[in-house]
Chemist: 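Mind having a look at this structure? Questions to follow.
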Amino acid sequence: MLTTRPRGTADILPGQVEKWQYIEAIAARVAKEYGYREVRTPIFEHTELFTRGVGEDTDIVEKEMYTFQDRGERSITLRPENTAAVVRAYLENSLYAGPQPVKLYYVGPMFRYDRPQAGRFRQFHQFGVELFGTNHPASDAEVMAMAMDFYGRLGLTGLELHVNSVGCPNCRPVVRESLLKFFEPVYDELCPNCQNRYRKNPLRLLDCKSERCAELSKTAPTTVDCLCGDCRTHFEQVQQYMDDLGVPYVLDNRLVRGLDYYTHTAFEIMASDIGAQSSIGAGGRYNGLIEAVGGAPAPGIGFALGLERIILSLDKRGYAPDLKPIPEVFLTVTGDTASREGFKLLASLRAAGISADMDYQGRSLKAQMKYAGKISARYVIIIGDAELQQGRIVLRDMSAGEQQEVALPDVVAAVTLGLGGE
RNA sequence: GUGGGUGUAGCUCAGGCGGUUAGAGUACCAGAUUGUGGCUCUGGGGGCCGUGGGUUCGAGUCCCAUCACCCACCCCA
């Protein structure tokens with residue numbers, strides 16, 4: 001073999017691809033019902049969009065981006081997430097000048113240079129939505145409810161929606177300060193990781209899984225403790241709307257998002273059955289992002305859901321796609337004349353919207369029948385010398401094991417009737 | 001980036017303390033008295049034993065390196 005697929009990528013083959021089509025179809029339907037229209041942005045963008053939009057000292061930007069120079073010596077990056085790119089498209093195409101709010105959704109591949117493991121790939125896919133132009137707490141609730149609605153339609157139950165508020169530029173420094181103050185006396189006892197977090201991203205001190213750190217941070221101040229008045233009110237109203245909708249959620253004041261642009265509401269949806277990478281979807285409000293990317297300040301909120309992880313969870317629950325046999329009709333032909341007659345019949349069947357195929361291998365009738373059985377064709381049409389002389393063919397129903405003779409001009413009608421009668 | 005596990009037909013796996021032409025099941029192809037699938041039987045094709053070094057008279061087997069996959073850390077969807 002010349003080569004293999006790059007690490008962390010996957011070929012999605014027939015038998016698997018139907019699951020993707022199923023998920024994508026439901027995503028499109030749900031998006032439409034919630035008033036979102038699809039947007040397709042480039043797979044790659046100028047690197048600066050992500051360094052500015054996602055945040056200079058996030059893990060994504062520091063060590064996970066696929067970045068390269070193109071032939072024009074521009075620094076290009078394969079998108080590691082899509083929010084920054086959709087914001088860019090929103091600004092570049094002046095969508096802020098149209099009716100507000102603007103609701104966009106996308107489905108497509110993202111790229112992160114990570115070490116692959118269960119539920120984690122270098123090329124993975126997300127279904128995401130972005131809602132620009134409103135800061136109303138109901139919109140926070142709607143976005144979260146929509147994500148849960150989508151999972152529900154797929155048959156994914158038992159997921160946990162964790163919700164938190166990470167504050168705004170006013171209260172974020174307060175959280176930071178109080179965390180630094182709280183952990184300062186025990187700095188030496190923190191794990192090396194957390195000592196690093198202490199310096200770079202104190203918020204993350206709250207969700208360390210190491211026993212000692214968890215113990216130490218038990219009484220630590222949380223984001224919610226430090227919220228300013230506006231943030232507190234907003235968060236309470238979001239919860240009110242969630243309660244009104246009856247969407248279950250758990251308040252999780254340790255929930256911190258890795259991306260810099262989040263403000264106010266942050267949420268994460270967890271699946272317990274897909275391995276260590278249990279986050280199946282996440283999102284939040286990003287009222288500072290549009291300005292950071294160079295636009296006039298405007299609020300925004302969205303989510304991104306991982307399709308590979310959805311499939312993992314579906315698989316765990318034994319979901320199998322409905323596979324309709326392709327083709328519906330298989331033509332067996334013996335001899336050159338039959339082959340030519342069959343070729344014409346094949347075209348008429350297809351023209352009538354019936355999926356049909358015939359043997360091109362010159363195999364024995366028996367072998368052709370065997371093949372038709374293996375690909376689970378619904379009907380087999382047998383054309384040989386005897387049939388040609390009488391102007392009739394044999395139409396065999398493979399699952400019933402019964403067959404009848406049909407005059408050539410009536411074949412399409414007979415097959416249509418048979419398939420329609422299902 | 002760190003750690004553990006695993007690499008032998010398309011797939012799932014056997015291969016004792018190194019020793020002949022490397023096996024099974026399954027899948028694929030063909031046949032079982034010249035026109036009928038599924039079941040059964042018979043036969044056939046198919047293997048740089050992940051790759052590269054090393055030890056040895058001799059390596060699928062032992063050693064080293066490397067790559068890939070799986071799992072976990074980190075982080076995230």
Side-chain angles (χ1 to χ4, degrees), chain A residues 1 3-10 13 54 57-64 79-83 107-128 147 151 159 191-194 196-197 200-201 204 207-210 255-259 267-271 274-284 302-313 330 332-335 338 359 361 363-388 393-403:
Chain A
M1 207 180 332
T3 186
T4 54
R5 68 180 128 76
R7 183 161 205 202
T9 63
L13 301 173
V54 177
D57 46 32
T58 56
D59 275 35
I60 289 180
V61 170
E62 279 184 350
K63 51 187 195 190
E64 294 174 5
R79 61 185 190 191
E81 58 95 52
N82 210 26
T83 298
V107 177
M110 308 295 156
F111 306 84
R112 289 184 203 170
Y113 191 89
D114 251 5
R115 191 97 176 247
Q117 73 182 75
R120 194 168 74 187
F121 306 90
R122 289 185 172 179
Q123 174 174 340
F124 62 102
H125 299 75
Q126 291 184 330
F127 162 43
Y151 289 124
L159 303 178
C191 69
N193 242 312
C194 281
N196 193 35
R197 287 168 170 154
K200 279 175 54 186
N201 191 351
R204 296 220 75 92
D207 70 349
C208 183
K209 283 153 208 142
S210 103
L255 174 63
V256 180
R257 307 270 60 231
L259 284 48
F267 60 95
E268 184 163 357
I269 299 140
M270 322 284 273
I274 58 170
Q277 306 302 316
S278 59
S279 170
I280 198 170
F303 65 60
L305 316 181
L307 302 194
E308 281 82 0
R309 292 182 186 177
I310 287 172
I311 287 174
L312 269 180
S313 191
F330 186 79
T332 66
V333 291
T334 48
D359 180 76
Q361 317 278 61
R363 293 186 276 209
S364 68
L365 177 62
K366 188 180 181 121
Q368 293 183 45
M369 289 297 295
K370 209 167 179 174
Y371 175 75
K374 286 213 180 92
I375 61 175
S376 58
R378 278 284 282 116
Y379 288 96
V380 163
I381 286 172
I382 300 171
I383 308 178
D385 293 339
E387 285 75 21
L388 288 175
I393 55 91
V394 171
L395 178 63
R396 182 175 177 82
D397 180 328
M398 294 295 273
S399 48
E402 291 162 359
Q403 61 190 44

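Note on naming: letters A, B, ... go to the chains in the order of the sequence lines (proteins, then strands), and numbering restarts at 1 for each one.
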Chemist: Rounding to the closest angstrom, what is the interatomic distance between C75(B) and U2(B) at atom C1'?
Modeler: 13 Å
Chemist: Rounded to the nearest angstrom, tell me the gap between atom CD in Glu62(A) and atom P in C76(B).
Modeler: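 Rounded to whole Å, this separation is 11 Å.
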Chemist: How close or far is atom P of A72(B) from atom CZ of Arg115(A), stated in whole angstroms?
Modeler: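 Going from Arg115(A) (CZ) to A72(B) (P), I get 13 Å.
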Chemist: Which is more 5' along RNA chain B, the nucleotide nearest Val394(A) or the one nearest Lys374(A)? Just name the residue.
Modeler: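 Upstream on the strand: Lys374(A).
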Chemist: Using the C1' atom on both, measure A72(B) against C13(B) and round to a whole Å.
Modeler: 26 Å
Chemist: Under 4.0 angstrom, heavy atoms only, what part of the nucleic acid is Gly275(A) near: base, sugar-phosphate, or nothing?
Modeler: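 Sugar-phosphate contact only - Gly275(A) comes under 4.0 Å of backbone atoms but never of a base.
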Chemist: If the C1' atom of G50(B) is compared with that of C69(B), how far apart are they to the nearest Å?
Modeler: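 Each nucleotide's C1' atom is 10 Å from the other's.
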Chemist: Under 4.0 Å, heavy atoms only, any strand: does Ile280(A) hit a base, just the sugar-phosphate, or nothing?
Modeler: sugar-phosphate
Chemist: Between G15(B) and U61(B), how many Å separate the two P atoms, rounded to a whole number?
Modeler: 15 Å
Chemist: Just checking Ala386(A): base, sugar-phosphate only, or nothing, at a heavy-atom cut-off of under 4.0 Å?
Modeler: base
Chemist: Mind checking if Glu387(A) touches a base, just sugar-phosphate, or nothing, with heavy atoms under 4.0 Å?
Modeler: base
Chemist: If we take the C1' atom in both G46(B) and U40(B), what is their distance in whole Å?
Modeler: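 Between the two C1' atoms, the distance is 24 Å.
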Chemist: Tell me what Arg363(A) touches on the nucleic acid: a base, only sugar-phosphate, or nothing, going by heavy atoms under 4.0 Å.
Modeler: sugar-phosphate
Chemist: Could you state the CG-P distance from Asp59(A) to C75(B), rounded to the nearest angstrom?
Modeler: 7 Å
Chemist: Answer yes if the side chains of Arg122(A) and Thr9(A) hold a donor-acceptor pair under 3.5 Å, and no otherwise.
Modeler: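 No, because no side-chain N or O of Arg122(A) sits under 3.5 Å from a partner of the opposite role on Thr9(A).
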Chemist: Taking U51(B) as the reference, what is the distance to G60(B) when you measure between their P atoms (whole Å, please)?
Modeler: 11 Å
Chemist: Would you classify Ala372(A) as touching base, sugar-phosphate or nothing, given that sugar-phosphate means primed atoms plus P, OP1 and OP2, and contacts are heavy atoms under 4.0 Å?
Modeler: nothing
Chemist: Does Gln368(A) get its side chain close enough to the base of U36(B), under 3.5 Å, for a donor-acceptor pair?
Modeler: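 Answer is no: no donor-acceptor pair is held.
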Chemist: Start at the 5' end of RNA chain B and walk down; is the nucleotide closest to Tyr151(A) or to Arg5(A) reached first?
Modeler: Arg5(A)
Chemist: In whole angstrom, give the distance that lies between atom CD of Gln126(A) and atom C1' of C76(B).
Modeler: 9 Å
Chemist: Whole Å only: how far is the CG atom of Leu255(A) from the P atom of A77(B)?
Modeler: 11 Å
Chemist: Look at Arg7(A) and C69(B) and indicate whether a side-chain polar atom (N or O) is within less than 4.0 Å of OP1 or OP2.
Modeler: yes
Chemist: What integer number of Å spans the P atoms of G16(B) and G7(B)?
Modeler: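 My reading of the P atoms in G16(B) and G7(B) gives 13 Å.
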Chemist: Using the C1' atom on both, measure A27(B) against G10(B) and round to a whole Å.
Modeler: 7 Å
Chemist: Are the ring of Tyr371(A) and the six-membered base ring of G37(B) within the stacking cut-offs of under 5.5 Å and under 30°?
Modeler: no
Chemist: Would you indicate, yes or no, if A72(B) has its OP1 or OP2 atom less than 4.0 angstrom from a side-chain nitrogen or oxygen of Gln117(A)?
Modeler: yes
Chemist: Rounded to whole Å, how long is the line connecting atom CD of Gln403(A) with atom P of U36(B)?
Modeler: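 Going from CD in Gln403(A) over to P in U36(B) covers 10 Å.
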Chemist: Gly283(A) near the nucleic acid: base, sugar-phosphate alone, or nothing, with a heavy-atom cut-off under 4.0 Å?
Modeler: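 Result for Gly283(A) = nothing.
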